[in-house]
Number of protein chains: 2
Amino acid sequence: MQLVSGDANLREQVVDQLRIAIVSGELPPGTVCSVPSLARTLGISTTPIREALLQLTSDGLLQPMRNRGFRVVDPSLDELRGIFEVRMQLEASAFRKLVRMGADDLSELEAQADAIAESVETGDVPRYLAADRAFHAELLALAGNEVLADIVLRLRDRMRLYGIRSQHGLERQKASVPEHYRIIEIIKRGLEDEAEALMTGHIMAWEPIFTEAIAQRNAQV
Amino acid sequence: MQLVSGDANLREQVVDQLRIAIVSGELPPGTVCSVPSLARTLGISTTPIREALLQLTSDGLLQPMRNRGFRVVDPSLDELRGIFEVRMQLEASAFRKLVRMGADDLSELEAQADAIAESVETGDVPRYLAADRAFHAELLALAGNEVLADIVLRLRDRMRLYGIRSQHGLERQKASVPEHYRIIEIIKRGLEDEAEALMTGHIMAWEPIFTEAIAQRNAQV
DNA sequence: GCGCGGACGATTGCGCGCAAGGTGGGGAAC
DNA sequence: GTTCCCCACCTTGCGCGCAATCGTCCGCGC
C-alpha cells in the first residue's frame, strides 16, 4: 500500500487507501493491522493512522481487538444480504421519486454512463467502479434526499468487491451498460411504472456474484 | 457538560456527552467547539477530544471549519424530512418482515414497553428516550438485519429532540404508549396487513413535532 | 508428557509540544 | 470616516513518549 499525495491530510489518505485495500481483498478478512506497524510501513506518525483506523472501525470495515490491533472483519453472507436489502429499498424508492419529480440536467448522468460504457469496453475495472459510483451518486443527488444518498453511498463503499473480475462479474459489467442508459431514458420519459423494477434488478443482479465470491472465499478458509 | 465515569475510555465518554448535548439543544446549532477549548473545559488532554469531534463530524452532527473549530450543524428541515423518509421506509419494512417471520422471545420488548409506559407516567423524559430507543433497537434486532438496524439507530441518534418536552411532544409520548403494546400484539398474532401502517404512523407522528420545534428555533434566529 | 506461572513483547489510550495556516481585530494611512 | 494592511491569537494536524494492559511463549514443576 502506498500513500498518494492527492488529499491534503494524512488521515484521509490512510482511510481511502485502507478502504480500497480492504474492499478489493488486498487486505484479506482476518488480517490484523496495528497502529505502530502501519505507521512503520507508511513512514508516518501513529496519530493519523490511529484516527484512520477508528474511522474505518466506525464504518464497519475493521473491528478492534483489545491490545491486539484492528482486524479486517469477515464479510458474512448475512451482512451482504443486509446491505443489498437496504440498498434495494432505498435506491429503488429514491429512483421512483426522481422519475416522478423529473430532473432538469441529466448531462452528468449521461457523461458517467458513457464513462461506464468505455470502461467496460477497455476492461478498466477501477474506472468502471468509479464511474458507476459517480453515476449512482448523481442519481441519488438528483432525488433530493441527502441523508438517503449518504447512507447508500456508504453502504456501497463498505461492500467487498471480490467477484468483480470474475467471469460473471465481467458479464454483469457489460450487461449494466445499457441499463444505465435506460435509467436516463426512464427519467426523461417519466416512466414511473418501470422505474422500481429496473433499479431493483440493476442492483440485485450483483448479489449472487458477490455472494458466490464470498462463499468461495469462505470455503477456501 | 460533565464526564461520567461509566465507559472506560475518554473518547467514547466525550462522544456520548457531546451527542446528548447537541441533540438535546444544550449546544445550540452554530456553536463552535474547538479541541483545545473543550480539553480545558473537561480537564483532559486534546487527543480524545479530537477523536471524538472527528467521530461526531463523521456522524453528521458537526462540521469542521478550517482553523476555526467544529461547528454544530444547523438542523435543516430538509435533513429532518430526509431522516424521517429513510426511517419510515426501513423500519416499516423491517417490521413487516418481522411480523411475517414471527418471533420467539418478546419479553425484552414487553419490558421496554412497560418502561416506556412508566416513564410517561412519571414524566421522566430521558428514561422515555432510552426505553423507546431500546424498544426499537430490540425490534430491529428481531427483524434480523443488522445493517438496517445499525443505520436506523444511527439516524435516531442524529435527530434533534427539540420538541420532545413541548405540549405536543408530551401528548405524543402518551399516545405512543399503547402503540408499543399494539406492536407487540401484532407480532404475536402475525397481523401482517396492519404492520406497515402502524409503524409508519408511529414514526411519522413525530415529524410535525420536530419540524415545528426546528421551525420555531429558526424563526427566533 | 502435561499443566502452570512469570516474564517479554506488542498494543492501545492518553498526554503534550510544535510547525503551518487562517481569522479577526486593531492601528495606520488616506 | 473609511479602507487596507499587518500582527497576534487561535486553530488544526502531526510527531512522539509513556503507563496500563493483554496475549504469548518459554521454562519450570509435577
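A, B, ... follow the sequence lines: proteins, then strands. Residue 1 opens every chain.
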Phosphate-side-chain proximity, [X] and [N], N/O vs OP1/OP2 below 4.0 Å:
{"X": "A:Ser45", "N": "D:dG15", "answer": "yes"}
{"X": "B:Ser34", "N": "D:dT11", "answer": "yes"}
{"X": "A:Arg68", "N": "C:dT12", "answer": "no"}
{"X": "A:Arg11", "N": "D:dT12", "answer": "no"}

Distance check needed: [N] [atom2] versus [X] [atom1], whole Å only.
{"X": "B:Arg40", "N": "C:dC16", "atom1": "CZ", "atom2": "P", "answer": "13 Å"}
{"X": "B:Glu51", "N": "C:dT12", "atom1": "CD", "atom2": "P", "answer": "12 Å"}
{"X": "B:Leu53", "N": "D:dC10", "atom1": "CG", "atom2": "C1'", "answer": "15 Å"}
{"X": "A:Arg50", "N": "C:dC16", "atom1": "CZ", "atom2": "C1'", "answer": "15 Å"}
{"X": "B:Leu42", "N": "C:dC14", "atom1": "CG", "atom2": "C1'", "answer": "14 Å"}
{"X": "A:Ile49", "N": "D:dC14", "atom1": "CD1", "atom2": "P", "answer": "10 Å"}
{"X": "B:Phe70", "N": "D:dC10", "atom1": "CZ", "atom2": "P", "answer": "18 Å"}
{"X": "B:Leu62", "N": "D:dT11", "atom1": "CG", "atom2": "P", "answer": "15 Å"}

Is it true that B:Asp157 and B:Arg154 make a salt bridge, defined as a side-chain N closer than 4.0 Å to a carboxylate O?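 So B:Asp157 does not pair with B:Arg154 through a salt bridge.
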May I ask you to verify whether the side chain of B:Thr47 and the base of C:dG15 hold a donor-acceptor pair under 3.5 Å? yes
Most 5' of B:Ser37 and A:Thr46 on DNA chain D, judged by nearest nucleotide: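 Its nucleotide being nearer the 5' end, the pick is B:Ser37.
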Let me know, please, whether B:Gly69 or A:Asn67 comes out on the 5' side of the other along DNA chain D by nearest nucleotide. B:Gly69
Quick check on side chain to side chain donor-acceptor pair (under 3.5 Å): which of B:Arg156, B:Gln112, B:Arg127 does B:Asp132 satisfy it with? B:Arg156
Quick check on side chain to side chain contact (heavy atoms under 4.5 Å, CB included): which of A:Gln173, A:Glu179, A:His180 does A:Ile116 satisfy it with? A:His180
Mind running side chain to side chain contact (heavy atoms under 4.5 Å, CB included) on B:Leu106 and B:Leu142 for me, showing each step along the way? CA-CA 9 Å; B:Leu106 301 180; B:Leu142 289 174; 4.0 Å; yes
When you compare the side chain of B:Arg160 with that of B:Ile22, does any pair of heavy atoms fall below 4.5 Å?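 Yes, their side chains come closer than 4.5 Å.
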